Amino acid sequence: EAGGLSSPSVLVEADSIKLYYAAQSQEEGPRVIAGGEILSDSFERWGVLLSPSTGCTDSSGNSLSCWNEIEIGSPEVKVAQSGTGRTLYRMFFSGTDSNDKSVGFAASFDGRDFEIYEYNPVLSYEAQHVSNIRVGDSYLMYYVPAKSTLGADEIRLSINERGNATETF
């Protein structure tokens, strides 16, 4: 973490506070997503939760660049209920390859061991800094485009019309 911390996402729970953030171990190293938990008077560092992907292949086994092979960051974690009523920690995060910034998804049942969604990225086209909320049966995803088409800073909205909580991620 000597290279810096950024983009904190905080969850306040009944018995603890969970903290997720982008971290860099050295000035030139890749950014990763790390986390920890505040219990009473102490902070327990969990270490790295997600790292940039490597070794991506297509359906034929041919090598390709991973959508998040350069760095990942800007985690946003929210708690939801799965379709069977289990607590589900939903994380959206940004990823960068040699050309584009995109948004990926990962989920966890304990808030610590995240599984990356197999079909990432969930949002491309130079998207970054995501914020996701549920309103009724729809998920609203706000994000900042890395390259503005209007020549000014902007925030865009993407909507998942299904809005169904699920354990399939």
Side-chain angles (χ1 to χ4, degrees), residues 1-11 18-36 45-78 80 88-134 139-162 166-169:
E1 298 175 348
L5 305 176
S6 64
S7 306
S9 178
V10 179
L11 285 179
K18 289 181 171 51
L19 178 64
Y20 304 89
Y21 51 92
Q24 205 163 1
S25 61
Q26 54 195 350
E27 218 169 291
E28 296 298 319
R31 280 195 319 164
V32 298
I33 294 175
R45 271 190 173 81
W46 297 333
V48 175
L49 303 179
L50 296 177
S51 297
S53 298
T54 58
C56 294
T57 58
D58 64 16
S59 60
S60 300
N62 300 316
S63 291
L64 17 119
S65 71
C66 301
W67 71 275
N68 64 342
E69 68 186 5
I70 304 272
E71 70 177 17
I72 60 175
S74 302
E76 189 204 42
V77 181
K78 302 277 177 115
L88 182 67
Y89 296 83
R90 300 168 42 93
M91 178 191 294
F92 285 92
F93 60 96
S94 62
T96 305
D97 65 10
S98 57
N99 299 312
D100 298 314
K101 292 181 182 284
S102 300
V103 173
F105 176 75
S108 168
F109 289 116
D110 64 5
R112 188 172 176 169
D113 298 313
F114 283 86
E115 183 176 330
I116 294 178
Y117 180 58
E118 182 177 350
Y119 300 106
N120 277 332
V122 296
L123 185 61
S124 294
Y125 313 109
E126 293 291 315
Q128 60 185 348
H129 307 297
V130 66
S131 181
N132 182 258
I133 60 171
R134 185 173 183 159
Y139 284 101
L140 307 178
M141 181 185 295
Y142 292 90
Y143 65 96
V144 174
K147 296 177 184 172
S148 174
T149 57
L150 301 176
D153 292 335
E154 55 186 279
I155 296 173
R156 294 188 182 168
L157 171 64
S158 179
I159 300 172
N160 173 352
E161 289 298 330
R162 292 184 194 147
T166 179
E167 287 187 0
T168 305
F169 45 88

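Since this is a predicted model, take the numbers as computed values, not measurements.
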> Return the CD1 to NZ distance between I133 and K78, rounded to the nearest 0.5 Å.
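It is 6.5 Å, given to the nearest 0.5 Å.
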> Step by step, work out the side chain to side chain donor-acceptor pair (under 3.5 Å) result for E76 and S9.
CA-CA 5 Å; E76 189 204 42; S9 178; over 6 Å; no
> Quick one: closest heavy-atom pair of L50 and V32, and the distance?
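Shortest heavy-atom separation between L50 and V32 comes out as O-CB, 3.4 Å.
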> Is Y89 close to D110 at the side-chain level, that is, under 4.5 Å between some pair of heavy atoms?
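Of all side-chain heavy-atom pairs linking Y89 with D110, none is under 4.5 Å.
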> Shortest non-hydrogen contact from S108 to D113?
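Shortest heavy-atom contact: OG-O, 3.1 Å.
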> Please report the closest heavy-atom contact between F114 and V77, naming both atoms and the distance.
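For F114 versus V77, the nearest heavy atoms are CZ-CG1, 4.4 Å.
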> For the CG atom of N120 and the SG atom of C66, what is their distance to the nearest 0.5 Å?
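Those atoms lie 11.0 Å apart.
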> How close do S74 and A22 get, counting heavy atoms only, and between which atoms?
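Closest heavy-atom pair between S74 and A22: N-CB, 4.1 Å.
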> If you compare all heavy atoms of A80 against all heavy atoms of R90, which two are closest, and at what distance to 0.1 Å?
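Reported closest heavy-atom pair: CB-CD, 3.5 Å.
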> Show your working on side chain to side chain donor-acceptor pair (under 3.5 Å) between N68 and S53 and close with a plain yes or no.
CA-CA 6 Å; N68 64 342; S53 298; 2.9 Å; yes
> Does any part of the side chain of S7, heavy atoms only, come nearer than 4.5 Å to the side chain of P75, both counted from C-beta?
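In short, these two side chains touch, coming nearer than 4.5 Å.
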> Hey, would you say the F93 and W67 ring centroids sit under 6.0 Å apart?
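Judged by ring-centre distance (under 6.0 Å), F93 and W67 do meet the cut-off.
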> With a 4.5 Å cut-off on side-chain heavy atoms, are M141 and F92 touching?
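A side-chain contact under 4.5 Å exists here.
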> Could you state the interatomic distance from CG (D97) to OG (S102), rounded to the nearest 0.5 Å?
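One finds 6.5 Å between CG of D97 and OG of S102.
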> Is it true that a side-chain atom of S60 and a backbone atom of N62 form a donor plus acceptor pair closer than 3.5 Å?
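No, because the side chain of S60 does not come within donor-acceptor range (under 3.5 Å) of the backbone of N62.
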> When you measure from the side chain of S94 to the backbone of G73, do you find a donor-acceptor pair of N or O atoms at a distance under 3.5 Å?
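Yes.
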> How long is the span from the CG atom in L64 to the CD atom in E69, to the nearest 0.5 Å?
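Rounded to the nearest 0.5 Å, the CG-CD separation comes out at 9.5 Å.
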> Indicate yes or no: at least one non-hydrogen side-chain atom of L19 is less than 4.5 angstrom from one of P8.
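Counting from C-beta outward, L19 and P8 do come under 4.5 Å.
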> Does the side chain of N132 reach to within under 4.5 Å of the side chain of Y143, using non-hydrogen atoms?
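Contact flag for N132/Y143 side chains = no.
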> Nearest 0.5 Å please: distance from the CD atom of E118 over to the CZ atom of F105.
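So the CD of E118 and the CZ of F105 are separated by 13.5 Å.
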> Can you name the closest pair of heavy atoms from R112 and L49 and give their distance?
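That would be O-CD2, 3.3 Å.
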> Spell out, as yes or no, whether a donor-acceptor pair under 3.5 Å connects the side chain of Y20 to the backbone of L11.
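Side chain of Y20 to backbone of L11, a donor-acceptor pair under 3.5 Å: no, none is there.
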